[in-house]
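Below: the structure, in structure tokens.
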Amino acid sequence: MTNAEYWIAPRPKHPLNACIEIPGSKSLSNRYLMLAALGSRPVHIQGLLRSRDTDLMMEALRELGVTCQVEDDDSTRVCVTPASSGYPTGGKQVYCGLAGTVMRFVPALAMLADGPTRFYGDVQAQERPMRPLLDALQQLGATIVYEGQEGYLPFTIHPPRVFTGGAVDIDSSLSSQFISGLLLLGSRASEGLHIRHTGKQLPSLPHIRMTIADLREAGLHIDEDEINNQWTVSSPSSLPYPKLEETVQIEPDLSNAAPFLGAALIAGGRVGVQHWPASTTQPGGLLPDLLQTMGADVTISTDIQRTCQVTGTRIIHGLGDYDLSAAGELVPSLAALLVFADSPSRLHGVGHLRGHETNRLEALTKEIQKIGGCATEMEDGIEITPVPADKLHPAIIETYHDHRMATFGALLGLGIPGIEVVNIATTRKTLPNFVALWNQMLQLV
Ligand SMILES: O=C(O)C1=C[C@@H](OP(=O)(O)O)[C@@H](O)[C@H](O)C1
Ligand SMILES: C=C(OP(=O)(O)O)C(=O)O
């Protein structure tokens, strides 16, 4: 590996004083792209995240006959025009990269296509769970042909002759994205789609609620029964396609705000993130309360900028026993902060992180131990016990092709001299300008 692949994590020279503009939400961008593709007329998306995951989504849609026209003077403005026949083009291949939203959402389009669709991805993507979703699609009349290990990429979906809906049972305990993918498919179920989760736990409920909110915005009717884990999607007979507003606006990615806002706790000083939504379905909406619990002062301005400002004193409180099942995406950033905390934390409800971009529980544990910290994997999460600051030492942080392991490494580097991060460019999955924004925050530019 050449030196260029190691990024020397910059250290703060003084307390932070920065205001950052975070690009659009990955989860909202890829949902709106899907809903526009499932619709029947062009939709203009503004503030779309441009990153590997959203570019993969647009490429997937293009493969299936959808037009995604990026505006010349602003690449975050995209006009999506569904396939003219109303049905995606079959006989194509979709490259998923390592994007959960592509591998779990685009199968909804494959179910409506006029031929089979092959799905493949990065080598590491072949370890991400797919089976529950694909078994559900089989219940709805599809045939799935696996090329390698059953239940994993690569595979081909042979859609039913016609898809009208029905009822499916699915164990979605490994990823909420299975249910979101089915809900998106339900938007085109002329006879409605009833989904029942049969597993013991259900992670990332806010992401399921996000899908429901976006479907409702597109005119769909959803009956939700979270107590019994059941959802029914139906479309008014007058509206056989999802119908988003002509122009939709994407919120900033609040999960990507986590390392920046969290930086204020490790380095001290203040960091603001602009355009914090007044209300949101993103799990990152939990950050202000979480960071406050950890000792920060958090305010959200009421002016047009709606800046979420986090002020830290370098004193960080542990979280004790804390259920993070609603916001598993935040775990890597919080884990970095908790290494510097004044008391232990046990983050529960996040066993499914083993099936994220990498096995995040194993990766976080290993990297925290590498710097002299104390972390232990639990069945449903991770335990982090702070050690005295003089026990923490420099290390090269491995990132395992995981964007959030890279930002985890950057956060460690604020508090420990000599941290280097392998392949910082992996942040391009959801935040291609991470290094520039980090330098801006540290006033290195
Ligand atoms: O639907 C979505 O946009 C997402 C759902 C969550 O997936 P899991 O439920 O697999 O954690 C989250 O971690 C992922 O980053 C994005
Ligand atoms: C789990 C994540 O991504 P994906 O959408 O690929 O599942 C993530 O971004 O933290």
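What you see is a predicted model, and the numbers here were worked out from it, not measured in a lab.
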Counting only pairs under 3.5 Å, give me each side-chain donor-acceptor contact of residues 284-293, with atom names and distances, residues two or more places apart or in other chains.
unit_1: Thr293; atom_1: OG1; unit_2: Asp289; atom_2: O; d: 2.8

Is [Y] close to [X] at the side-chain level, that is, under 4.5 Å between some pair of heavy atoms?
X	Y	answer
Met405	Glu398	no
Arg216	His221	no
His352	Ser204	yes
Pro23	Leu437	yes
Tyr6	Val421	no
Ile179	Leu202	yes
Leu134	Ile157	yes
His403	Leu431	no

With a 6.0 Å cut-off (strictly less than), is the heavy-atom count around [atom1] of [X], excluding the residue itself, greater than 12?
X	atom1	result
Arg50	CZ	yes
Ile8	CD1	no
Lys370	NZ	yes
His401	NE2	no

Assess the residue pair Val43 and Tyr32 against the criterion (side chain to side chain contact (heavy atoms under 4.5 Å, CB included)); give the C-alpha distance rounded to whole Å, side-chain angles, the decisive distance to 0.1 Å, and a yes or no. CA-CA 9 Å; Val43 173; Tyr32 279 120; over 6 Å; no

Looking at every heavy atom in both [X] and [Y], which two are closest together, and how far apart are they?
X	Y	answer
Ser176	His207	OG-CB, 3.9 Å
Leu338	Ser345	CD2-OG, 3.3 Å
Asp171	Gly199	OD1-CA, 3.4 Å
Phe178	Met130	CE2-CA, 4.1 Å
Met103	Leu153	SD-CD1, 4.0 Å
Leu56	Gly97	CD1-CA, 3.7 Å

Between [X] and [Y] (side chain of the first, backbone of the second, donor and acceptor by atom type, cut-off under 3.5 Å), is there such a pair?
X	Y	result
Asn439	Leu442	no
Thr54	Leu49	yes
Thr385	Pro344	no
Thr399	Val422	yes
Arg41	Leu244	yes
Gln369	Ala375	yes

Hydrogens and angles aside, do Tyr400 and Asn423 bring a side-chain donor and acceptor to less than 3.5 Å of each other?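 There is no such pair (donor and acceptor under 3.5 Å, judged by atom type) between the side chains of Tyr400 and Asn423.
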
Asp321 versus His348, side-chain donor and acceptor atoms under 3.5 Å: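 Checked: His348/Asp321 side chains pair up, N/O donor to acceptor below 3.5 Å.
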
Could you check Leu411 against Ser333 for side chain to side chain contact (heavy atoms under 4.5 Å, CB included), going step by step and ending with a plain yes or no? CA-CA 7 Å; Leu411 279 167; Ser333 293; 4.0 Å; yes

Would Cys19 and Gln274 count as a side chain to side chain contact (heavy atoms under 4.5 Å, CB included) here? Give the steps. CA-CA 7 Å; Cys19 196; Gln274 287 177 337; 3.5 Å; yes

Which residues pass the side chain to side chain donor-acceptor pair (under 3.5 Å) test with Gln124, not counting sequence neighbours?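 Not a single residue meets the side chain to side chain donor-acceptor pair (under 3.5 Å) criterion with Gln124.
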
Let me have the donor-acceptor pairs involving side chains of residues 249-267, under 3.5 Å, with sequence neighbours excluded, atom names and distances please.
unit_1: Glu251; atom_1: OE1; unit_2: Thr280; atom_2: OG1; d: 2.7
unit_1: Glu251; atom_1: OE1; unit_2: Gln282; atom_2: NE2; d: 2.9
unit_1: Asp253; atom_1: OD1; unit_2: Ser255; atom_2: N; d: 3.0
unit_1: Asp253; atom_1: OD1; unit_2: Asn256; atom_2: N; d: 2.9
unit_1: Asp253; atom_1: OD2; unit_2: Lys26; atom_2: N; d: 2.9
unit_1: Ser255; atom_1: OG; unit_2: Glu329; atom_2: OE1; d: 2.4
unit_1: Asn256; atom_1: OD1; unit_2: Arg404; atom_2: NH1; d: 3.3
unit_1: Asn256; atom_1: ND2; unit_2: Thr430; atom_2: O; d: 3.2
unit_1: Asn256; atom_1: ND2; unit_2: Thr430; atom_2: OG1; d: 3.4

Review item, side-chain donor-acceptor pairs of residues 62-72, under 3.5 Å, at least two apart:
unit_1: Arg62; atom_1: NE; unit_2: Cys68; atom_2: O; d: 3.4
unit_1: Arg62; atom_1: NH1; unit_2: Glu59; atom_2: OE2; d: 2.7
unit_1: Arg62; atom_1: NH2; unit_2: Cys68; atom_2: O; d: 2.8

With side chain to side chain contact (heavy atoms under 4.5 Å, CB included) as the criterion, how do Leu137 and Leu182 come out once you've worked through the C-alpha distance, each side chain's angles and the decisive distance to 0.1 Å? CA-CA 8 Å; Leu137 299 185; Leu182 289 172; 3.9 Å; yes

By the salt bridge (charged side-chain N to carboxylate O under 4.0 Å, His left out) test, which pairs, at least two apart or in different chains, include something from residues 419-433?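 Pairs touching residues 419-433 that pass the test: Asp53-Lys429, Glu357-Lys429.
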
Quick one: which of Glu377, Glu379, Glu362 gives a salt bridge (Lys or Arg N to Asp or Glu O under 4.0 Å) with Arg354?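 Result: among Glu377, Glu379, Glu362, Glu377 is the only option passing the salt bridge (Lys or Arg N to Asp or Glu O under 4.0 Å) with Arg354.
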
With side-chain hydrogen bond (donor to acceptor under 3.5 Å, both in side chains) as the rule and sequence neighbours excluded, what pairs involving residues 308-320 come up?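 As it turns out, the side-chain hydrogen bond (donor to acceptor under 3.5 Å, both in side chains) pairs with a partner in residues 308-320, which skip direct neighbours, are His317-Asp342.
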
